[in-house]
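Structure first, then comments.
Computed from a predicted model, the values in this text were never measured in an experiment. Excluded from the calculations below are hydrogen atoms, water molecules and symmetry mates; all remaining heavy atoms, backbone and side chain alike, are included. Lettering follows sequence order; numbering is per chain, from 1.
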Amino acid sequence: MLQIVKTETAALQAVNDFVVKFANVNGSGSASANQLFAKSILRMGVPVAPRNIFPSNIQGLPTWYEIRVSEAGHLAAREGTDLMVAMNPQTWDQDLASIRPGGYLFYDSTRAIPASRFRDDIIIIGMPLTELCNAAYKDARQRQLFKNIIYVGALAALLDIEIDVIEALLKEQFRAKEKLIAPNIQALHMGRDYAREHLNCPLGLTVRRSGALGEHISIDGNSAAALGAVYGGAMVAAWYPITPSTSLVEAFSKYCAKLRIAPETGKNNFAIVQAEDELASIGMVIGAAWNGARAFTATSGPGISLMQEFLGLAYFAEIPAVLFNVQRAGPSTGMPTRTQQCDLLICAYASHGDTKHVLLFPEDPHECFTFGAQAFDLADRLQTPVFVMLDLEIGMNERLCRPLTWDDSKRMDRGKVMTEADLEAGKLFGRYLDVDHDGIPYRTYPGTHPSKGSFFTRGTSKDEFARYTEAGTAYVANMERLIRKFRTAEDLVPAPQIRSADNATTLGAIYFGSSSAAMREAQELLAGQGVDLDLLRIRAFPFNDDVRHFIDHHDTLFVVEQNRDGQLRTMLINELEPTPAKLKRCVHYDGTPITARHIIDLIEAHLPHRSAP
Amino acid sequence: MTFLPKPKLHHPELAENALGYTRRDYEGAISTLCAGCGHDSISAAIVRACFELDLPPHRIAKLSGIGCSSKTPTYFLGNSHGFNSVHGRMPSVLTGANLANRDLVYLGVSGDGDSASIGLGQFAHAMRRGVNMTYIVMNNGVYGLTKGQFSATSDKGAKSKSGAINRDEAIDLVGLALQLGASFVGRSFSGDKAQLVPLIKAALSHKGPAFIDCISPCVTFNNHQGSTKSFDYVRAHNEAVNFLDVIPAREEITVAFEPGSVEIVRQHDGSLLKLRKLDDTDYNPRDRLAAMSFLAKHREAGEIVTGLLYINPEETELHDQLGTTETPLNSLTEAELCPGSAVLAKLNATLR
Ligand SMILES: Cc1ncc(C[n+]2csc(CCOP(=O)(O)OP(=O)(O)O)c2C)c(N)n1
Ligand code: SF4
Ligand SMILES: [Mg+2]
């Protein structure tokens with residue numbers, strides 16, 4: 001059954017720098033085998049960026065798992081597959097088409113496939129996986145599951161991955177179910193031995209042990225954000241399930257069960273409620289925050305749409321709510337399990353009336369954690385909703401990042417809250433009084449004092465002492481104070497980060513969130529082509545003066561984002577009033593994660609044509 | 001928790017309750033509702049109930065949606081924090097507030113439009129979730145604040161002020177509350193203080209979701225001939241099943257009860273509900289299914305059954321189901337909330 005076909009095209013050769021893609025059927029149990037494969041490369045110290053591309057269904061539809069192996073640490077997606085593990089006949093043609101010339105195809109050769117369905121510019125590696133499994137196992141489920149492990153064993157031989165590393169991982173994975181260790185290792189060896197005996201090992205693509213990984217950890221953004229919520233002191237979570245945000249609350253619940261149980265009583269130092277819809281989940285968050293708890297919800301675009309009315313109330317009533325918005329393409333189902341950065345405008349200006357909201361843009365799980373915790377301090381300090389803007393790409397994929405860190409000397413900032421003692425000492429309390437001239441008033445928690453400090457919360461129609469009034473002057477004064485408060489926020493939110501080019505340049509790029517890895521790679525590649533580009537990564541809204549200066553100091557700015565309309569560009573123009581033509585809209589929004597190639601193509605389209613040499 | 005004694009600056013003739021507060025301490029701003037509006041009578045009943053129960057005013061949180069009815073929290077309990085939220089969504093805001101601090105008394109006030117029309121979903125889910133609260137709907141069968149359109153509790157065949165006939169079936173919130181698991185369900189009439197005040201007192205001392213549907217005529221838009229929520233109509237069709245007396249936990253029980261006609265229910269906080277049966281049927285407020293069928297039958301006949309319709313003093317509430325710590329969550333400190341850097345370092349190690 002050996003089917004190595006020698007082709008005219010030179011086979012790809014690379015060490016620690018290639019893309020492997022697995023094409024599977026959803027629900028076939030391939031996910032954990034594919035993760036095992038990715039993790040084994042990580043354990044050899046080589047940076048790896050895995051990605052799930054999955055349908056909006058539980059069983060039967062095609063799924064892909066893509067792994068970029070990059071010694072240089074490029075974690076963005078990259079076009080083209082170097083090694084395709086084609087396990088899904090449904091997507092065969094499409095999968096074959098994605099292989100780069102000189103690349104490799106690994107497939108199950110149990111059933112003969114007509115020669116016309118192959119390509120002659122790739123290296124074809126057939127292995128009779130089904131036949132091997134049928135011979136070794138009787139049970140249908142075992143045949144399916146071990147088939148996955150067998151191909152991992154074969155790939156280890158083909159790519160020179162250390163088999164001990166995989167064995168160690170299997171032992172960790174089945175620590176609680178020891179019985180399963182031996183059969184898994186046996187299947188792994190079966191795959192490896194077959195490959196060694198029948199296939200040309202190793203391929204031109206190999207993994208070599210490296211020190212490139214350093215201290216880095218690998219975690220998905222949703223889990224990291226959930227940990228951020230735990231560390232940030234979140235007490236109440238209310239939510240309604242929606243991909244890709246569901247796993248954030250699930251992770252919060254898992255971490256709380258470990259880290260938030262009162263030792264003496266075994267009771268929960270937290271409350272999580274699955275609400276009946278997103279209106280109720282944000283309502284609960286607002287009620288809890290009004291009552292002095294740190295509270296959050298996690299959702300995605302459709303949920304944000306439903307929350308609009310409440311978000312306006314929270315803005316006007318100055319309630320510190322935290323929202324994790326894991327963005328996806330919308331609406332409906334299907335595309336929504338693909339990534340986008342498409343909710344900037346609906347979050348920044350959510351609701352009726354004049355509103356502006358604080359947004360944070362983490363670039364990776366490390367920042368999902370830090371910003372996730374910081375969001376609670378900011379919300380309390382600013383008494384307003386704070387959105388942590390993730391997307392499916394960082395939320396649901398395991399991503400290498402710096403280890404999570406926490407400063408134990410740091411205290412929670414509960415913001416301006418008057419206590420019973422303050423009130424008793426006769427401190428003047430006006431709920432909407434700007435005593436410190438930063439636009440931020442004091443609040444009291446319900447139940448603080450028998451006769452002082454209580455107030456009635458309503459959206460509008462109030463004076464500085466929260467007394468009912470419909471006077472226009474009081475309304476305007478309050479709205480102007482809210483703008484003052486938003487200006488105060490500029491210096492409290494994470495500042496933008498600048499990565500200057502090696503040479504002075506008039507070209508700049510502005511980007512945020514999950515575009516980060518691709519943008520940095522594009523900067524390097526462009527520099528190699530003689531195009532110098534300064535980078536500014538927006539980490540929050542409102543924008544501060546650094547953003548204004550960056551725009552002022554460059555002639556042309558490429559605003560790179562993953563939505564159709566250039567929403568960040570719109571916000572920059574709206575808030576900072578630069579010459580709009582200076583800001584070039586560079587958008588990628590087909591649901592696939594942005595790559596360096598996409599960015600370079602987008603930028604080059606705006607560059608004056610360089611004459612041929 | 002410290003409760004400061006109230007400074008004694010009162011009018012010498014005003015009676016004080018056990019905490020030294022007078023009725024004034026439970027009042028709010030002057031009402032701006034129409035003169036004669038049923039809602040104002042309910043506000044007054046709330047003031048009296050809280051005064052008589054000796055509740056520290058600041059330990060009550062009052063929340064509402066939007067509507068004339070939802071404006072009333074301004075007109076009672078001026079020393080309590082209040083929240084006028086958005087139309088139909090008071091239940092979720094109150095649920096969140098309750099999650100944050102289980103030690104306060106939660107009073108939710110809503111209208112029939114607020115709870116049966118736009119907010120039916122949130123009403124239903126607060127009941128089934130078992131939120132510890134008193135939920136009062138000031139039910140006038142119309143949208144008062146938007147000038148008299150039919151609401152979802154308006155009876156089929158009822159006539160609007162302009163002569164239009166309501167063709168849609170009415171939603172009976174009492175029936176829904178019973179079905180959805182409210183552990184205290186009552187109905188009353190804003191014009192019957194003697195019935196309403198004890199009912200509110202019982203609800204406030206109840207643990208779990210306590211729902212009161214209070215018929216509250218809108219004198220401006222729904223008090224005419226042909227309305228089934230007018231003062232005259234409700235008086236003529238009111239069928240009270242029992243008379244309630246609330247004996248707070250701290251009061252020693254000295255009265256002797258004649259057996260048979262009186263039922264005593266001990267609530268979770270130790271208070272006693274003394275229920276005197278009023279009609280000749282053998283109405284049992286402990287039997288949920290019987291209550292449902294009794295109410296359905298009488299509704300068919302056009303009667304408005306009032307009184308304490310159902311009570312289960314043993315039911316659990318949301319915090320019991322969630323296993324929340326006894327300490328109000330909003331007062332947890334860093335030590336209880338933040339696991340610290342050592343835990344994080346261990347976590348990092350598992351992620352390599
Ligand atoms: C989202 C939304 N839609 C519509 C309104 C307008 N509105 C205000 S009050 C009200 C009806 C209130 O009726 P009800 O709850 O019965 O209170 P009532 O005034 O009768 O006491 C409506 C429709 C609103 N405030 N918000
Ligand atoms: S309109 Fe009706 S409900 Fe509103 S205040 Fe007047 S009488 Fe009351
Ligand atoms: Mg009404």
No-hydrogen, no-angle side-chain donor-acceptor test under 3.5 Å, [X] and [Y]:
X: B/His81; Y: A/Thr448; answer: no
X: A/Arg458; Y: B/Thr74; answer: yes
X: A/Asp408; Y: B/Ser341; answer: yes

Look at [options] and state which one has the largest set of heavy-atom pairs under 4.5 Å with chain A.
options: B/Thr333, B/Leu318, B/Leu322, B/Thr32; value: B/Leu322
options: B/Asn84, B/Thr325, B/Asn348; value: B/Asn348
options: B/Thr95, B/Leu347, B/Leu337; value: B/Leu337
options: B/Thr327, B/Leu63, B/Leu94; value: B/Leu63

Under 3.5 Å: donor-acceptor pair, side chain of [X], backbone of [Y]:
X: B/Arg89; Y: A/Leu279; answer: no
X: B/Asn330; Y: A/Asn291; answer: yes
X: A/Ser454; Y: B/Gly78; answer: yes
X: B/Arg352; Y: A/Ile217; answer: no
X: B/Glu336; Y: A/Ala262; answer: no

Which one, [options], leads in non-hydrogen pairs under 4.5 Å with chain B?
options: A/Thr265, A/Leu42, A/Val273; result: A/Val273
options: A/Ala466, A/Ala234, A/Ala295, A/Ala275; result: A/Ala275
options: A/Glu172, A/Arg43, A/Met235; result: A/Met235
options: A/Leu404, A/Leu313, A/Ile261; result: A/Leu404
options: A/Val285, A/Ile272, A/Asn269, A/Thr405; result: A/Asn269
options: A/Leu400, A/Asp407, A/Ile282, A/Val236; result: A/Val236

Return the [atom1] to [atom2] distance between [X] and [Y], rounded to the nearest 0.5 Å.
X: B/Ser80; Y: A/Phe456; atom1: OG; atom2: CZ; answer: 10.5 Å
X: B/Gln122; Y: A/Met284; atom1: CD; atom2: CE; answer: 7.0 Å
X: B/Leu332; Y: A/Arg260; atom1: CG; atom2: CZ; answer: 7.5 Å
X: A/Leu259; Y: B/Cys338; atom1: CG; atom2: SG; answer: 9.5 Å

Please state whether the side chain, the backbone, both or neither of [X] comes within less than 4.5 Å of a heavy atom of chain A.
X: B/Ser331; result: neither
X: B/Pro339; result: both
X: B/Pro73; result: both

Select one option (side chain, backbone, both, neither) describing which atoms of [X] are under 4.5 Å from chain B's heavy atoms.
X: A/Arg467; value: neither
X: A/Thr444; value: both
X: A/Lys258; value: neither
X: A/Gln274; value: backbone
X: A/Ile319; value: side chain
X: A/Ala238; value: neither
X: A/Glu215; value: both

Assess the residue pair A/Phe270 and B/Leu99 against the criterion (side chain to side chain contact (heavy atoms under 4.5 Å, CB included)); give the C-alpha distance rounded to whole Å, side-chain angles, the decisive distance to 0.1 Å, and a yes or no.
CA-CA 9 Å; A/Phe270 63 93; B/Leu99 291 173; over 6 Å; no
Would you say [X] and [Y] make side-chain contact, with heavy atoms under 4.5 Å?
X: B/Tyr21; Y: A/Pro450; answer: yes
X: A/Tyr231; Y: B/Leu344; answer: yes
X: A/His449; Y: B/His58; answer: no
X: A/Glu276; Y: B/Arg129; answer: yes
X: A/Pro446; Y: B/Leu104; answer: yes
X: A/Phe310; Y: B/Val93; answer: yes

Non-hydrogen atoms of B/Ala100 and A/Ala293 that approach each other most closely:
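Between these two residues, the closest heavy atoms are CB-CB, 3.4 Å.
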Which atoms form the tightest heavy-atom contact between B/Ser92 and A/Gly283, and what is the distance?
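Scanning both residues, the minimum pair turns out to be OG-CA, 3.4 Å.
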Does B/His268, at its NE2 atom, have more than 12 non-hydrogen atoms belonging to other residues, nucleotides or ligands within less than 6.0 Å?
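Incorrect, the count does not exceed 12.
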State whether the number of non-hydrogen atoms from other residues, nucleotides or ligands found under 6.0 Å of B/Tyr75 atom OH is greater than 12.
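Correct, the count exceeds 12.
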